[in-house]
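Beneath this line is the structure, given in structure tokens, with notes to follow.
Remember, it's a predicted structure, so these values are computed and weren't measured experimentally.
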Amino acid sequence: MAQHTPEEDAAEGTSASAAKPVSENVQPPGTFAGLAQEMAEKSTLVRKENGEIDLLAAAGGIRGIAESVVPGLVFLTVFTITGNLSWSLGGAVAFAVVFLAFRLAQRTPLTQALAGIAGVALSAFLALKTGKAENFYTIGFFTNAGYIAAMVVSIAVRWPVLGLLFGYARNEGVQWRRKPERLRAYRVATWIIVGVMAARLAVQLPLYFAGAVDALGAMRLIMGVPLYAFGVWVAWLVSRPVKAD
């Protein structure tokens, strides 16, 4: 039966001081490994003092979750109650603007809020232009498909995305690529997230083509942050460094 050893607990980073890469893992700028390190350092993946992943932080924190969920929830609620597409779209865009205004007022990073308002605005434009409420969700399908393609390519070229993110969170850098068992673990972890995104498309596309806006909106909320956080948690557990007795 597999057990964690003290050395492996150290690899997991059970202390707060291990949460950031040490100098031996610093990669030369301009290289692929260097770009991977920059991406990992900017990610929202955070370890707790016990070495476990902070799922709330991984999902973007409370504010990030609100910025991701509330516009879609407002759209679905208003459309379900009134059936008025313009009001529904207006409400969704208005809340996205409010979130951006809060970030501007507090002088916090705008990247997530700008991406959110751009996505909501484009989704609203497509729905209004076509007169079909279900087209509010079209951008999400292309986004999911793009992520799936990128992750599958990363697995094929032996640079699985979850390895890049988890590797630095665990203070492994990119050294895990030299160990077949670690590379295999991170490929499996990346396939798990691919499965999450593929499941979204498998469930939501039939609802889109059926024009079932209410059901599509509900599935979009359920299979959004909650399912993603669950997938990240499972991927983290599956890729943990363990040693058989």
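- For Ala218, there are no side chain to side chain contact (heavy atoms under 4.5 Å, CB included) partners, not counting sequence neighbours.
- Qualifying side-chain hydrogen bond (donor to acceptor under 3.5 Å, both in side chains) partners for Asp214, counting only residues two or more places apart in sequence or in other chains: Thr80.
- A distance-only check finds no donor-acceptor pair linking the side chain of Arg63 to the backbone of Arg103 [under 3.5 Å].
- Partners of Glu181 by side-chain hydrogen bond (donor to acceptor under 3.5 Å, both in side chains), not counting sequence neighbours: none found.
- Side-chain contact between Trp191 and Val152: present, with at least one pair of heavy atoms (C-beta onward) separated by less than 4.5 Å.
- Put simply, CD1 on Ile148 and CD1 on Ile193 are 11.5 Å apart, with the number rounded to the nearest 0.5 Å.
- In the hydrophobic clustering of ILVMFWY residues, with side-chain heavy atoms under 4.5 Å counting as a link, Val70 and Met223 come out apart.
- Here side chain to side chain donor-acceptor pair (under 3.5 Å) pairs that include residues 143-158, with residues two or more places apart or in two chains, are Asn144-Arg200.
- Residues meeting the side chain to side chain contact (heavy atoms under 4.5 Å, CB included) test with Ile222, sequence neighbours left out: Met219.
- Listed by chain and number, the residues in a side-chain hydrogen bond (donor to acceptor under 3.5 Å, both in side chains) with Tyr137 amount to none (sequence neighbours excluded).
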Using distance only, find each side-chain donor-acceptor pair of residues 116-129 under 3.5 Å and give its atom names and separation, not counting sequence neighbours.
residue: Ser123; atom: OG; partner: Gly119; partner atom: O; Å: 2.8
residue: Ser123; atom: OG; partner: Phe136; partner atom: O; Å: 3.3

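- Qualifying ring-ring contact (aromatic ring centres under 6.0 Å, His included) partners for Tyr208, counting only residues two or more places apart in sequence or in other chains: Phe141.
- With sequence neighbours left out, the side-chain hydrogen bond (donor to acceptor under 3.5 Å, both in side chains) criterion links Arg178 to Gln175.
- Listed by chain and residue number, Tyr186 satisfy the ring-ring contact (aromatic ring centres under 6.0 Å, His included) test with Trp176 (two or more places apart in sequence, or in another chain).
- For the pair Arg170 and Ser239, the tightest heavy-atom approach, listed with the atom from each and the gap, is NH1-OG, 2.9 Å.
- Closest approach of Gly131 to Leu85, counting heavy atoms only: C-CD2, 3.9 Å.
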Identify all side-chain donor-acceptor contacts of residues 86-97 below 3.5 Å with residues at least two apart in sequence or on another chain.
residue: Ser88; atom: OG; partner: Phe79; partner atom: N; Å: 3.0
residue: Ser88; atom: OG; partner: Asn84; partner atom: O; Å: 2.7

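- Following chains of ILVMFWY side-chain contacts shorter than 4.5 Å, one cannot reach Leu221 starting from Val74, and the two form parts of different hydrophobic clusters.
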